[in-house]
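Have a look at the structure below, then the notes.
The sequence lines fix the lettering, A, B, ..., with proteins before strands; numbering per chain opens at 1. The figures that follow rest on heavy atoms only: side chains count, while hydrogens, waters and symmetry mates do not. Quantities reported herein were computed from a predicted structural model and do not represent experimental measurements.
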Amino acid sequence: MLFSHLLADAHCLSLQMRMIMISWLLLLSLFRQSTQDGQGDGVLRCGPQNVTLAHNDQTLLLKWEDDPSCSVIRDGLVYELQVLIADKPVHNGEVVVTPAQIGSTHSWKWTSHLPSQCARHSVRLRSQYNNQSSPWLQKMLPGMQSPAEISVFPKDKILEVGSRATFCCIVPEGKSFRRMYVNGYKGIEKKISEHVHALTLHLEQQSENWSDVICETTKGEISGASFHAGYPPGDSDLQCETRDLESVDCFWNVGRKMEELAIVRRKYQLHGSPCISGHLGKCSQKVEVDAAERNWTLTVTNPLGKLELHDRADLTKRVHMVAPDKVAASTVNPRNISLKWSWTVQKYSNLNLTCQVDVSDGDSNTTTKNFGVGLTAAVIKDLIPHWDYDMRVRCGTAQHFWKWGDWSRSVKIRTKGDVQDALDVWMKVKEDQTVISWKVPLTNQSHGEIFDYKVSWAKTKEKNQSNQTNVSRSNHSLTLTLDPSEEYMVTVTARNINGSSSPSTIIIPRHNLDKSEVKTSWISGSNGSFFLSWPVSPNASCGYIVDWCPVFGNCTFEWMKVPLNRTHTTIFSKNFEDGRRYLLSIYACTEGAPVLLQRREGYVRETKIEAKLFKLKYKQEDSAVEVSWEPIPLEKQTASIHGYILYYQDKSGDVFNVSTDDPEATSLTAKNLNISTYTFTVTALTAGGLCGNTSINVILNPPADQIIMLTLISLGAVFLILSVSIIICYRHWACIKDKVYPPIPKPVLTENWLTSPDEHTVRPLPFDQSHYSEVLDVPELHDKFRPPQPVVGQDYMPFTFSQTPKGYYNKPLKKLQPCLTLPTTGLTSQPGLPSFPINDVFPNPSYNLIVQGEDQQSQSHPEIQDGMPIIDSGYQAQSPEESFSTAELEEEPDSPISCVSTYILLPQKTSK
Amino acid sequence: MAGRSTRSINGSNGSRTAPARAAALADLLHYECSTLLELFRKKENFTEDVADRRMVSVPPPSSQLDTRDKLWRIHSALLQCQKLLEKAVAKEEEELGGGKKGEYENKRKLVKERLPLLILSTGELLKAAEGTTSLTPSVEGLELNVPTNLFDLKLWVYRVYKEVNYWSKTATNTLKDLPSVIVKERARTTRARRSTRR
């Protein structure tokens, strides 16, 4: 057991020993390996040496060399770097060193966002190879000392617009930071340490000058740092040329506005030489110009950057010539001038040149081109005599034309005078008067001051017997009295200091042109002018002439000549007036007299015709009225009249019209009018609408035959009615007589009755004449046309009076035709009322006697028989119907007299 | 100029008007300088209390100072101001200038041109007070430590303007309080003192 234990222990020990041995062997082999590759114990021996850390502004520059042991490494090294700001790692980097680079000095750059003054910057590095690293080697920038006063860094920096910049404020011990700010920029503040604060700005805009980052302590102390935000150079488009073949002139676009601050201003160099006017975008340098292409380089620098612009050119093909010198006229003629000049650049004399001469006459410019080697002269033709010109010259190379050179200074030259140009003559014939007219020569036609005009004329048959007269220069026409039956030739010339002009001749035809058989057609103007066109005339040999003058008023004619190849023209004239009618004539120009081709008439622009244009008259014929007017004179026709409209309106306001399309019409007739008062308005129809309105009022009279007819009809009607009435009356005479004038039976009265009134309640017949007349005033009852009007109380009297004048008075009953006329409808009974009228009415005893008539009985009305009163007027009671309606009468029809209590009461009434 | 000083000393009308004229000139300069300061403040976004530090070195004011001493003090301060201002303008043009010719630049030019006139006036008054052998204050010792960075340069220029403003105001007050009679008496006293010295 013990043995076995010992054996086991021995075995374990041997295993452990074996393991240790293997480990040692491995370590030994590793050591050997590391010794061979420059490394040992997991720590690489190959590492950096001679490390230096420097800084330029905010850029750190690290330099180092490899340890000599690195030379054994065949496949390159990696250096790991770490930047620390205020002992905090802020950036890691690595540098790969190739086997070839091993042994040389290595460098590494890194730009910090913080100025080195703001915080301690340090860099550490180590080498790495096969997962082995050398120890870190750290280098620190020269120490930042705590300032005695508040400070801001970096100072006076020039920064690019669009970039970010960090400023820091260092507050010394014992002072407290309050804030950091910049006017015009937004920033983000950050605390770096207790005494260091940073402000990061995004520079979005260019500084006008120097901007300030200001740091303020809690006690109000300030410090700051200025900076400028700008742009790197932005010039472009370099182009080089030569002007004198001895120097190069380059131009470019400077881009943004040039900086005002001197420190940031761009500096220009052309081929290494400074350009004084570089900020203007041009630079010139003396060079040897030869026929070969060269590169031209412009370098632009400012604190924010550098720019190179290139142009490749053969300057002999880029000659921008200077202006010709001493330009002057060598020869001056009336219509041409020889111009000469010289060159300030001698080398131009060998160049094949093209030159432009700009000739200005004040209103227009013309340019002529000339070619030649070393050109120094040119002839300018087609000039106007006695005319002022401004001339200038510029040239360019004819071969390899680059661009036109500069214009020379302008020279003023006046051409020599000449005779006046031939006059433009025209004529107008009116009967035996012929007006010869010529256009006032323009200054460019007179070529000098005109003295006078000479007009000569002769019959074409007798050319030798010519007459002539001089016309003063202020007149431009001459009226001749010529024989219309003869053809004349008229010649006009103008005289100036240089002599007489070429004669202008016109043939006056035998017959008056205006009387020819040419129809006049209408023309409308447009835009203040007339556009005319006509067919080609075989007669025309020298073109056409169009003349025009107003149709009325003084015919101061104007004309224009149209070349033979044209058969249309547009006529403008400053003398054209709106609303005025013009006559335009087109003539063919021939070898002989002009031939009238066409004639037009029209307005340049029509204007509204004024109101009250017409002088109106009217004539009534039966039911028609003819309204007429005088023809409208042309001077009043400010627009073309296409017709007329006659409006007429009666009292009811209805408007009717008649119209005509005939512009020559002078009347319009309104028919089927009523006998009324009418307003007639005549208006002219023009393109611009209705105008010239003129009105008259007319009272229409009925025609005489109509009156007669009406009278006859009336008379006939009356006669007929009378005849019918008579016949009816005749045939019913008996009835009428019975009704109107019944036989009055003699009353049978007892003596007692007559003599003892006291015994009766009824009074004897009160035949008071006045009462009687009042009661008999019955025609009203028979007035069948009168509506049944209730007559109240004493209003009865006026009614009576109204009738008396008509002779009804005292004879009413004879005239009554109760059968025919008695109204019944209005006499409605009113139940409940007393059966007889009670007031103011005297029953007529004689009237009541009518009830004895045969007819009356049959016509009795039941309502009335009930004894109901009709109305409160006692007058009603006297109607025949009422008289017949009493019950008493029916009961005792044969009674010669019926006494009604009412009668008995009457006296009481009258006593009232 | 000398004649005018003589008249001033001799008690003619001119003797009363010379200090008054100088006071008016100082007042005008003070006004212009105040405007210049305001323009500069606006241009550089400075507050009024920035850079309150004296640059001119002269004896402190005292009620014991006589007219001559008062004049000398003012004259000396103004001479230092002139030196500072010239330097400030030159440095500003050189370092900060954008070549602009605006209101600020015009006002700066005006102040720069007007200050020598006041110095001339106070110099004449000093001459009159001291007699012909006046002691011209020296500015040789004036420290012109112009800052090298731009922000500090701006502050420095501002301090110079403030100094000119301060001394032009002081000059105004001093010259206004300077009766011509005292000048005259002082001149006599000076002469008497000098003759005694001799």
Side-chain angles (χ1 to χ4, degrees), chain A residues 57 115 117 147-159 165 167-170 178-185 187 199 206-230 257-266 279-280 302-303, chain B residues 35-55 86-109 111-112 143-163 165-166:
Chain A
D57 209 355
Q117 300 93 330
E149 287 192 353
I150 176 173
S151 302
V152 179
F153 296 102
K155 292 185 183 295
D156 309 338
K157 285 274 280 184
I158 294 166
L159 304 159
F167 292 82
C168 71
C169 175
I170 305 167
R178 187 182 169 205
R179 61 169 179 157
M180 274 181 91
Y181 61 93
V182 189
N183 287 306
Y185 294 92
L199 180 74
Q206 190 173 10
S207 312
E208 197 179 321
N209 201 317
W210 289 99
S211 299
D212 301 319
V213 177
I214 294 171
C215 181
E216 195 179 327
T217 63
T218 49
K219 287 183 179 175
E221 291 167 296
I222 66 157
S223 182
S226 300
F227 72 91
H228 175 83
K257 189 184 153 194
M258 200 56 67
E259 298 80 9
E260 286 179 351
L261 271 181
I263 195 165
V264 292
R265 202 165 287 165
R266 281 167 262 181
H279 61 284
L280 299 173
N302 79 355
Chain B
T35 317
L36 177 67
L37 260 177
E38 188 59 39
L39 289 170
F40 188 78
R41 257 201 297 270
K42 215 178 273 179
K43 179 172 162 264
E44 302 297 348
N45 292 298
F46 284 167
T47 53
E48 273 190 56
D49 54 349
V50 167
D52 253 345
R53 200 183 295 170
R54 291 270 78 83
M55 299 171 90
E86 281 173 356
K87 188 72 181 173
V89 172
K91 281 304 272 184
E92 198 188 9
E93 276 290 309
E94 185 188 329
E95 304 282 345
L96 301 166
K100 269 174 130 183
K101 289 289 170 209
E103 191 186 358
Y104 164 74
E105 285 77 12
N106 291 336
K107 191 61 73 182
R108 187 178 65 184
K109 184 168 175 275
V111 170
K112 195 183 158 193
E143 282 189 17
L144 290 173
N145 296 326
V146 184
T148 50
N149 70 71
L150 296 176
F151 185 78
D152 290 343
L153 176 63
K154 285 179 187 177
L155 283 180
W156 185 79
V157 170
Y158 189 43
R159 278 207 293 271
V160 170
Y161 290 163
K162 277 187 147 185
E163 205 67 350
N165 189 52
Y166 172 80

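- Relative to the six-membered ring of B/Y161, B/R41 misses at least one condition, a distance below 6.0 Å or an angle of at most 45° to the axis.
- Only the side chain of B/K154 comes within contact range of chain A, judged by heavy atoms closer than 4.5 Å.
- In terms of non-hydrogen atom pairs under 4.5 Å with chain B, the most contact-rich of A/S211, A/S223, A/G220 is A/S223.
- If you take CD on A/Q206 and CG on A/L159, they are separated by 12.5 Å, rounding to the nearest 0.5 Å.
- Close placement of the B/Y104 and B/F40 rings is indicated, their centers lying within 6.0 Å of each other.
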| For B/F151 and A/F227, what are the C-alpha separation, side-chain angles and deciding distance, and is it a side chain to side chain contact (heavy atoms under 4.5 Å, CB included)? | CA-CA 9 Å; B/F151 185 78; A/F227 72 91; over 6 Å; no
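- A salt bridge links B/E92 to B/R108: at least one charged side-chain nitrogen sits closer than 4.0 Å to a carboxylate oxygen.
- Of the atoms belonging to B/T47, not a single heavy atom falls under 4.5 Å from chain A.
- Counting heavy-atom pairs under 4.5 Å between each of A/V213, A/I263, A/V152, A/D212 and chain B puts A/D212 at the top.
- The contact between A/E208 and chain B is made entirely by side chain atoms (from C-beta outward), counting heavy-atom distances below 4.5 Å.
- Contact annotation for B/E95: only backbone heavy atoms (N, CA, C, O) come within less than 4.5 Å of a heavy atom of chain A.
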